[in-house]
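Note that the structure is predicted; figures quoted are calculated from it, not measured. Note on naming: letters A, B, ... go to the chains in the order of the sequence lines (proteins, then strands), and numbering restarts at 1 for each one. Only heavy atoms go into these numbers, but all of them, side chains included; no hydrogens, no water, no symmetry mates.
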Number of protein chains: 2
Amino acid sequence: MTGQRRIIAQVLETAKGHPDAEEIYTEATAIDSAISLATVYRTVKLFFELGILERLEFGDGRARYEDAERDHHDHLFDIETGAVIEFVDPELEVLQEKIAHRLGYRLMAHKMELFGVKLDKED
Amino acid sequence: MTGQRRIIAQVLETAKGHPDAEEIYTEATAIDSAISLATVYRTVKLFFELGILERLEFGDGRARYEDAERDHHDHLFDIETGAVIEFVDPELEVLQEKIAHRLGYRLMAHKMELFGVKLDKED
DNA sequence: TTATATGCAAAGTCTTTGCTCCACG
DNA sequence: CGTGGAGCAAAGACTTTGCATATAA
């Protein structure tokens with residue numbers, strides 16, 4: 001456990017959103033300027049493989065990360081604003097297990113992203 | 001509608017799996033060698049924006065495509081073999097609508113991917 | 001014709017890696 | 001002290017783009 005990794009872990013723990021590598025890099029260098037982007041990528045990859053981190057992809061080419069220690073949740077992506085809303089639905093979790101099982105699989109992970117627009121006056 | 005686009009569309013219609021750009025390019029040039037990879041990318045992007053195509057990302061860096069005209073379904077990704085299994089679950093579809101609505105959103109699209117390993121003797 | 005699409009190659013993004021040096025244990 | 005990590009810069013993988021040419025309508 002090196003200083004750099006500690007800092008990157010800290011950045012991810014305290015991050016409110018879902019930062020990408022560049023953002024992690026920016027925040028990390030604010031704490032200790034002796035961190036390179038390469039190290040961010042290496043650390044993020046390592047943490048991901050260790051299950052410490054989750055990798056999110058919303059289809060815009062870059063990966064975003066979040067602390068996996070936090071309670072599990074899925075994401076709703078606001079198409080208009082780009083906002084990411086987190087949610088949990090126990091019913092959904094159960095249903096996914098059921099579906100996987102029905103297909104002859106043991107569920108190891110899942111990714112579920114809803115894409116929507118805000119309801120205003122309508123409905 | 002140019003010849004190239006027609007061929008790319010044809011390749012996607014007849015494709016059994018979920019080809020990436022390179023694979024589309026290979027199949028397309030087999031039909032007519034006068035198609036460039038750039039055209040594949042441009043066409044695929046165009047079709048995606050027109051809603052003719054769906055773009056899938058399984059987190060391995062490249063996008064894969066499938067004909068959107070086909071019946072909607074979700075995917076289960078076999079972690080060990082890389083196989084992609086398609087499935088539909090009406091209950092899941094309804095549940096997603098419900099969740100989005102509860103969060104104050106109108107569901108426009110969703111992406112749901114299960115990642116699992118085959119059940120053998122276990123269970 | 002006349003706007004639009006294609007090819008080619010160069011450029012862009014995001015991410016990974018080789019190599020040397022430094023640091024943790 | 002030695003093994004593994006960090007920095008830097010170069011390389012990679014995938015995708016996009018500028019420009020001149022070709023083509024559909």
[X] [atom1] - [N] [atom2] separation (whole Å):
X	N	atom1	atom2	answer
Tyr25(A)	dT16(C)	OH	P	17 Å
Phe58(A)	dC14(C)	CZ	P	16 Å
Ile7(A)	dA6(D)	CD1	P	11 Å
Ile35(B)	dA5(C)	CD1	P	15 Å
Glu57(B)	dT15(C)	CD	P	11 Å
Leu53(A)	dT15(C)	CG	P	13 Å
Phe47(A)	dG5(D)	CZ	P	11 Å
Asp32(A)	dG5(D)	CG	P	18 Å

Counting side-chain heavy atoms from CB outward, which of dT17(D), dT16(C), dT6(C) is closest to Arg5(B)?
->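 Taking heavy atoms from C-beta onward, the closest nucleotide is dT6(C).
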Judged by modelled atom types alone, do His18(B) and Glu86(B) share a side-chain donor-acceptor pair under 3.5 Å?
->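 Present: a donor and an acceptor within the cut-off.
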Distance only, no hydrogens: is a donor on one side chain within 3.5 Å (strictly under) of an acceptor on the other, for Glu113(B) and His75(B)?
->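 Short answer, no.
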Treat primed atoms plus P, OP1 and OP2 as sugar-phosphate and everything else as base, then score nucleotides 18-25 of chain C 5' to 3': B for base contact with protein heavy atoms under 4.0 Å, S for sugar-phosphate contact only, - for none.
-> B-----SS
Would you call Asp32(B) and Gln4(B) a side-chain contact if the rule is heavy atoms closer than 4.5 Å?
->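 No, their side chains stay 4.5 Å or more apart.
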Is there a side-chain contact between Leu114(B) and Ile85(B), using heavy atoms and a 4.5 Å cut-off?
->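 In short, these two side chains do not touch, never coming nearer than 4.5 Å.
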Look at Lys98(B) together with Asp89(A) and state whether they make a salt bridge at an N to O cut-off of under 4.0 Å.
->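 Answer for the salt bridge query: no.
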Straight-line distance of Ile52(B) CD1 to Leu12(B) CG, nearest 0.5 Å |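 Output value for this atom pair is 10.0 Å.
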Report all interatomic pairs (protein N or O, nucleotide N or O of nucleotides 13-15 of chain D) with separations under 3.5 Å.
from, atom 1, to, atom 2, distance (Å)
dT15(D), OP1, Ala63(B), N, 2.9
dT15(D), OP2, Tyr41(B), OH, 2.4
dT15(D), O5', Tyr41(B), OH, 3.4

Kindly give the heavy-atom pair with the smallest separation between Ala28(B) and Ile35(B), and that separation in Å.
->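 Here Ala28(B) and Ile35(B) meet closest at CB-CD1, 3.9 Å.
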ring-ring contact (aromatic ring centres under 6.0 Å, His included) partners of residues 26-50 of chain A, not counting sequence neighbours, each pair once |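 Sorted result for residues 26-50 of chain A: empty, none.
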Is there a donor-acceptor pair under 3.5 Å between the side chain of Glu97(B) and the backbone N or O of Val94(B)?
->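 No.
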